[in-house]
Amino acid sequence: MAKALPQPTLNMRAGVDARLEAIDKLEALVNEVVKEKARHRSNVFLKRSIRTWRKGDVVRSGQWALKATEADPDNSKAFHVLAMALERMGHLHKALVTYERAFELDPRDPELLINLGLTAWNLKLTDGAAKMFQLYIASCPDSPLGYNNLGSVQSDMGEVDVAIETLRAALYRMPEEAMLWNSLATVLAENSRAQESVIFYEEAARLAPGFARAYHNLGYAYLHLSQMDKALIAYDRALELVIDPAERIETRHSRSICLIGLGQVEEGFREYEIRNNERFRCYFHHMINAPKWQGEDVRGKKLLLVGEQGLGDEIMFSNILPDAYEAVGETGKLQICVDPRMIPLYQRSFPRAEVGGYDDRTLIDDNGNKALRLVPFLKDNLPDYWAPMGTALQYYRKSLDAFPHKPFLFPDDKRVAAFKEKLAALPGKKVGICWRSMLMTGKRAKYFSPIDAWGDLLKTPGITFVNLQYGDSAPDIARAEGKFGVKIHSMEGLDLKDDIDGTAALCRALDLVVSAPTAAAHTAASVGAEVWYLSVGLGWPQLGTAEYPWYANTRVYWPEKFGDWDAIMPRFASDLAAFAAS
């Protein structure tokens, strides 16, 4: 007879539960073994990544780090190294996301705070960067890294006094830390205190003789002080010491500018090609399906030269276009790509050339932001060779004697005559003025004098001043007219910002143009107008002279002390008075 099974008791239930708990423990133990094996395999890849990094092969290091993350998705160190490699390769958005993953896995790693902050800073996320550096300081109060980076980003945000105090307080605690001296010097130099900055840079170099960046920055300070010979010595020393590839590119670029500024143009223009390195911070990706021109004979060929950088440099580098125009010959074709606003002026100046405009875009993808320059007018007519305009300098301007001192752009004669007729109704000499760039960010503002400093000039007898200041100049003009009791005339109907051809015609009709180094000054000089530049210091485009050799008739005024407008204005005003009386 079948027996009924006993009803389960509490102990029996407990026995079942205990067996399940044992299974859970065994499963957890197996998982731990699996995880340990995964971590071990991941760390093997990670060690290879680090060894490869030390050899300077960042790309291969990143590949090994990626394998490490795939072997163990919880290995924060692997994600950290992978993020470092991605950042070094320029993939900033990917690097930021990877740093954040590493931080999620190990929020106690303070080095991640530093690297997260630096990447955010490179992506212009300054508030987030400052927060990361503050968290790092709270975690590591005795490390100079947090104070160094926080002070630097505060300066970048325009909080100069706060930045100086952050770095000064850190120096009281850590007076032997060279990086803090260097960063404090940089804040001073970026805010028109270059003379003071030299002392701090020199102290950084004394404390750390192998600190390449201190010498680089010292060169930057000497450039601001118009001491280019000393700047070149500093840059040469920096190149002897620099290890980081990106920093080497920056130093070579700065050194090339210094060489050009010293008038050593053959070497300078050759070295200036470093700006076309894809790792250079201001690199443009030109979307042109043609080989890069490297000085080959282009007679009978199609040669495309593309404007670069700002409008002023684009006009200045156009100094070589007559040479290229002649080089391609009657059977060849010079193709010129410029800011679309300048097409009429350039087409008139080079009637056999094909002139079109570029279209600048920013590509935002997983690899970060890329500056693209498209040349849509060449869609069905590709060149045989192409190059940025500045690249041609090394072939056509090997010495100062090679600069022809002639106009190379030609405005519309009818518009010149029309402006002359209007100007004839005004008394005295007609002088165009432009006192600043349109783009006046915090760092750029120090290169331009405020309109308030132009009082002595504006009160010169026998002069009628004509406005060449593009952008929103009305507030400055109203203030100057009210303060100095003068009238600054504007040409009705002329758009100084977008009608470059009209501006060129006006400049040619004037007796003189006085200006800061702006696009307006370069436009005037390119068409043969007499131009007096008012510069914050000795500028590299002067090529070691007291003029702009790129143009027909220029002179440059600059103070011995960077930005000392009060010191240079009396001489400028005196010469202008003599011009008015001549």
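Basis for what follows: all heavy atoms, side chains included, without hydrogens, waters or symmetry-related copies. In what follows, residues are counted from 1 in the order of the sequence shown.
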How about R173 and Y147: does a side-chain donor come under 3.5 Å of a side-chain acceptor?
-> yes

If you draw a 6.0 Å radius around NE2 in H285, do more than 12 non-hydrogen atoms from other residues or ligands fall strictly inside?
-> yes

Electrostatic pair D472-K497, nearest N-O below 4.0 angstrom | no

How about H224 and Y220: are their ring centroids closer than 6.0 Å?
-> yes

Are K55 and D57 ion-paired here, with the side-chain N under 4.0 Å from a carboxylate O?
-> no

Check the pair R397, N319 against side chain to side chain donor-acceptor pair (under 3.5 Å), reporting the backbone distance first and the verdict last.
-> CA-CA 10 Å; R397 300 291 179 263; N319 171 278; 2.7 Å; yes

Value rounded to 0.5 Å, distance of CD in E203 from CH2 in W181 = 5.0 Å

For the ring pair F103 and H80, is the centre-to-centre distance below 6.0 Å?
-> no

Please name all residues satisfying salt bridge (charged side-chain N to carboxylate O under 4.0 Å, His left out) with R361, sequence neighbours left out, ordered by chain then number.
-> D359

Give the ring-plane orientation class for W550 versus W540, where under 30° counts as parallel, over 60° as perpendicular and anything between as tilted.
-> perpendicular

For P144, does its backbone N or O pair with a side-chain atom of N148 as donor and acceptor, under 3.5 Å?
-> no

Hey, is D72 close enough to R41 for a salt bridge, meaning N to O under 4.0 Å?
-> no

Under the 3.5 angstrom rule, does the side chain of T186 hit a backbone N or O of N182 as a donor-acceptor pair?
-> yes

Sidechain-backbone polar pair: S61 side chain, T52 backbone, donor-acceptor under 3.5 Å = no

G117 backbone acceptor or donor facing Y99 side chain under 3.5 Å = no

Do the rings of W454 and W435 sit parallel, tilted or perpendicular, given the 30° and 60° boundaries?
-> perpendicular

May I ask you to decide whether R213 forms a salt bridge with D244, counting only side-chain N to carboxylate O separations under 4.0 Å?
-> no

Tell me, with the steps shown, if Y533 and Y557 meet ring pair (Phe, Tyr, Trp, His ring centres under 6.0 Å).
-> CA-CA 6 Å; Y533 286 84; Y557 294 81; over 10 Å; no

Any side-chain heavy-atom pair of E250 and R281 under 4.5 Å = yes

Is it the case that more than 12 heavy atoms not belonging to K47 sit under 6.0 Å from its NZ atom?
-> no

Output field: ring centroids Y395/W293 closer than 6.0 Å | yes

Is the closest basic N to carboxylate O distance between K67 and E70 below 4.0 Å?
-> no

Output for pair (M179 CE, L171 CG), nearest 0.5 Å, gives 11.5 Å

Straight-line distance of I433 CD1 to I477 CD1, nearest 0.5 Å = 7.0 Å

Using atom types as modelled and distance alone, determine if a side-chain donor or acceptor of T545 lies under 3.5 Å from a backbone N or O of Q542.
-> yes

To the nearest 0.5 angstrom, please state how far the OG1 atom of T98 sits from the CG atom of L86.
-> 5.0 Å

Taking it one step at a time, do S254 and T251 satisfy side chain to side chain donor-acceptor pair (under 3.5 Å)?
-> CA-CA 5 Å; S254 297; T251 304; over 6 Å; no

E196, CD atom: more than 12 neighbouring heavy atoms under 6.0 Å | yes

Should D564 and I568 count as side-chain neighbours, where that means a heavy-atom distance under 4.5 Å?
-> no

Would you please name every residue forming a side chain to side chain donor-acceptor pair (under 3.5 Å) with R373, sequence neighbours left out?
-> D360

Could you please spell out the steps behind the ring pair (Phe, Tyr, Trp, His ring centres under 6.0 Å) verdict for H522 and Y548?
-> CA-CA 10 Å; H522 291 302; Y548 270 48; 5.8 Å; yes

Distance in Å, L184 CG paired with Y201 OH, rounded so as to fall on 0.5 Å steps | 9.5 Å

Of the non-hydrogen atoms in K483 and D452, which two are nearest, and what is the gap between them?
-> NZ-OD2, 3.5 Å

Any side-chain heavy-atom pair from L125 and L96 closer than 4.5 angstrom?
-> yes

Does T166 reach the main-chain N or O of V162 with its side chain, forming a donor-acceptor pair under 3.5 Å?
-> yes

Contacts of type salt bridge (charged side-chain N to carboxylate O under 4.0 Å, His left out), residue D566, not counting sequence neighbours = none

S256 side-chain N/O to H253 backbone N/O, donor-acceptor pair under 3.5 Å = yes

Kindly say whether L66 contributes a backbone atom to a donor-acceptor pair with the side chain of T69 at under 3.5 angstrom?
-> yes

Establish, yes or no, whether a centroid distance under 6.0 Å links the rings of Y215 and Y235.
-> no

With side chains defined as the heavy atoms from C-beta onward, is the minimum distance between L534 and W565 less than 4.5 Å?
-> yes

For T391 and E273, what are the C-alpha separation, side-chain angles and deciding distance, and is it a side chain to side chain donor-acceptor pair (under 3.5 Å)?
-> CA-CA 7 Å; T391 292; E273 287 303 292; 2.9 Å; yes

Check for a donor-acceptor pair, side chain of E314 on one end and backbone N or O of D339 on the other, with a separation under 3.5 Å.
-> yes

Would you check if L225 and Q195 make a side-chain contact, meaning some heavy-atom pair closer than 4.5 Å?
-> yes

May I ask you to decide if Y272's main-chain N or O and R275's side chain share a donor-acceptor pair within less than 3.5 Å?
-> yes

Salt-bridge test for R255 and E267: reply yes if a basic N is under 4.0 Å from a carboxylate O, no otherwise.
-> yes

